[in-house]
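Index from 1, following the sequence. As the structure lists them, so they are numbered: ligands from 1, and atoms in each ligand from 1.
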Amino acid sequence: MTDMMNALKEGWGYDSFRPLQKDAVEAALSGTDCLVILPTGGGKSLCYQLPAACGIGLVMVVSPLIALMDDQVASARDSGIIAAALHSNLPAAEKHSAMQAISDGSLQLLYISPERLSLGDIIGQISDRLGLIAVDEAHCISHWGHDFRPEYRMLAQIFNRVPTVPRMALTATATPHVQRDICVQVPLRDEIHLLGHPDRPNLIYRALPRKNAIKQMMSIIERHPNEGGIVYAQTRKEVERITSSLDGHGVGCAGYHAGMPARTRQKVQMDFVNERVDVVVATIAFGMGIDRSNVRYVIHANYPRSIEHYQQESGRAGRDGLNAECVLLHSYADIVMHRRLSTMDGPLSPERQQALDQQLSGVTRYASSPVCRHRLLTEHFGETYSIPEGNDLQKGCGACDVCLAETIELDATEAVEVAQKIISAVWRCQNRFGAGHVTDVLIGRDTEKIRRAQHDELSVFGLLRLEGDTSVRFWIDQLIMQDLLTVIPNDGYPLLAISEQGKALCKGDGSVRLGQVQKPTKKKKSSAGKAPADNSVEWEDVDRELYEQLRDLRKYIAEDINKPPYIIFSDASLRDMARELPANRIDMLAVKGVGDHKLEKYGASFLACISGESVEEAFEIFKA
Ligand code: ADP
Ligand code: ZN
């Protein structure tokens, strides 16, 4: 068998493993079953691809994501592995050549959908050469997971026909409950557990009260010109509205939702992956089949349904390990909407209702607590968070709005005073008005509704005028979250009322924590165009102009060979080239992500571009 480290360098161009990759590969090579939980971008595919390159025999990967298989095959081939896929959407010619490679014994890596595996007798044909079974997206096997697939339950029976072959189950998100279920259902035998830490230190999280969403989105989009981003919205109508507004602001974007014809959706997906479109505005249906590694930001225009969903959707940013931004724009109205949407097909069962309540309170806690977002997310998945080594302890993670002091926590006395003012306004409004109206009263707005109710004569009118409506609205959400105010549904228009705890707080009993978004100061504003990402070491010594040229070259080549650009070289590799300026093949091999196979295919043209040839000339070298 080929040595692991050599195979890693030759095939992938990496000198070292990411956490737990080595353990997973060693488990496979020694014939041990294992459960691998690695966050998105953690490098799961290498865990089963490297054993194939080392000569373990045929590696069979069961995956439900047919849309991703072709890309995964292409990328494995770029690492020098003989790979193929079998699924129902395959053109006849490719199916034929895959079957050929199976029967002549040359195939090293086979991606297969669970449906296809259940058909005919594939397992019989490959059983004597099978070296490893990998079950990708393994959470799909569990009823308790967020994405159960009944087809996955048929697998155990098939696997049991090859009892001596080691098994590896992989997923990005699984609560301890789901992890146990995976081990029982696959099943894994005397397995080792390789549980990665759920935190993604390269992601910068922000949770902001939504106010003029388009303006908020534009300021994020403008921080990342010509880069890929995803905006998630709650409903189809929202998707359409946001798409046309962003379009009106000159952003190259496309909408994506389940109501669009499959053809159109497919095109949007391909345009995004191939970097012909920068921004996709989508309902959550978008992303399952997206492996683009250089997504630089994910914006949620509304509350996600659960923290698991948030982790998965926001996790599509920054898979290449470079910094990326995840921004959640929220308002309590989204929660009301989620409840409405979830009961559209009739009332929920008590268990389902309980689960929904739990999920929604999880997301509200995340968004409205003035606590480090990295910490909150990590703790949700049952792990402890520690501040990255080398960080100033005072500054915390350095990668969320709270630790960056963009959102601050009011001191305890001030928080109680503010809460009391808001609660008494709700009291004066006699529990008959919603959050919008109470906000208007507190900041002293002159509206028709206020005059009609004579609320401009209340003692609380204008009491929080100086704080502005964004802060007041946000505080109301936080008081609801902390059970000091409650929401009474009323014909789709939720009314605010005071809870027992809220009454107690007004009498001086209990406590409250309130966060406030800082208004950017003049000085801060001038640097606001730069994301923290831009100031980081990632860009140190990078020749930005050359980097852009290398990206152009990559795009030309990608179009020519009909592959997504990120499969040729990652953004991280291109930045490394634009920093180190390799002058020859040896230097080029030292760049992270450049292995022998990629050097052979693309090395000459990228070296030409770095040495000063124009992008067009460098592209000609590739074609020659
Ligand atoms: P996952 O499936 O866990 O989300 P991928 O397998 O798609 O992650 O890998 C994410 C990115 O990390 C890819 O661009 C991959 O090339 C890169 N990567 C994987 N392993 C390593 C490593 N050992 N060193 C550097 N980059 C790596
Ligand atoms: Zn933080």
* Asked: Considering Ser75, Cys47, Gly43, which one's heavy-atom position lies nearest to atom 8 (O) of ligand 1?
  -> Gly43
* May I ask you to check if ligand 1 and Asp320 share an N or O to N or O distance below 3.5 Å? => no
* To do: For the pair Asp571 and Arg554, find out whether any cationic side-chain nitrogen is under 4.0 Å from an anionic carboxylate oxygen.
  => yes
* Any idea how Tyr547 and Trp539 line up, ring-wise: parallel (<30°), tilted (30 to 60°), or perpendicular (>60°)? -> perpendicular
* Which pairs, with at least one residue in residues 18-27 and sequence neighbours excluded, count as a salt bridge (Lys or Arg N to Asp or Glu O under 4.0 Å)? -> Lys22-Glu26
* Closest protein heavy atom (residue, atom, distance) for atom 20 (N) of ligand 1 -> Gln21 NE2, 2.9 Å
* Structure fact -> residues 371-391 vs salt bridge (Lys or Arg N to Asp or Glu O under 4.0 Å), sequence neighbours excluded, gives Arg373-Asp401, Arg375-Glu379
* Asked: Can you tell which part of Ser16 has a heavy atom less than 4.0 Å from ligand 1: side chain, backbone, both or neither?
  -> backbone
* Asked: Is the closest protein non-hydrogen atom to atom 13 (C) of ligand 1 under 4.0 Å?
  -> no
* Asked: Would Arg223 count as a cation-pi partner of Tyr297, with NZ or CZ less than 6.0 Å from the six-membered ring centre and within 45° of the ring normal?
  -> no
* Structure fact -> The number of protein N, O or S atoms lying under 2.8 Å from the Zn ion (ligand 2) is 4
* Full working for side chain to side chain contact (heavy atoms under 4.5 Å, CB included) between Ile561 and Ile568 -> CA-CA 10 Å; Ile561 60 177; Ile568 296 172; 4.1 Å; yes
* Asked: Short N/O distance, under 3.5 Å, between Lys592 and ligand 1?
  -> no
* How long is the gap from CG on Leu581 to CG on Asp543, to the nearest 0.5 Å? -> 6.5 Å
* Using distance alone, determine whether Ser45 and ligand 1 share an N or O pair under 3.5 Å. => yes
* Asked: Nearest non-hydrogen atom to atom 18 (N) of ligand 1 belongs to which of Trp12, Tyr566, Tyr48, Tyr14?
  -> Tyr14
* For ligand 1, which atoms have a heavy atom of Thr40 less than 4.0 angstrom away? -> 4 (O)
* Per-atom contacts of ligand 1 with Phe17, taking only distances under 4.0 Å to non-hydrogen atoms -> 23 (N)
* Report the part of Ser570 in contact with ligand 1, treating N, CA, C, O as backbone and CB onward as side chain, heavy atoms under 4.0 Å; options are side chain, backbone, both, neither. => neither
* To do: Run the salt-bridge test on Glu540 and Arg575 with the 4.0 Å N-O cut-off and return the result as yes or no.
  => no
* To do: Decide whether an N or O pair under 3.5 Å exists between Gly41 and ligand 1.
  => yes
* Asked: Does ligand 1 have any atom that is closer than 4.0 Å to a heavy atom of Leu38?
  -> no
* Asked: Can you list the residues that meet the side chain to side chain donor-acceptor pair (under 3.5 Å) rule with Asp596, with sequence neighbours excluded?
  -> none
* Asked: For atom 11 (C) of ligand 1, what is the nearest protein heavy atom, given as residue, atom name and distance?
  -> Arg319 O, 3.4 Å
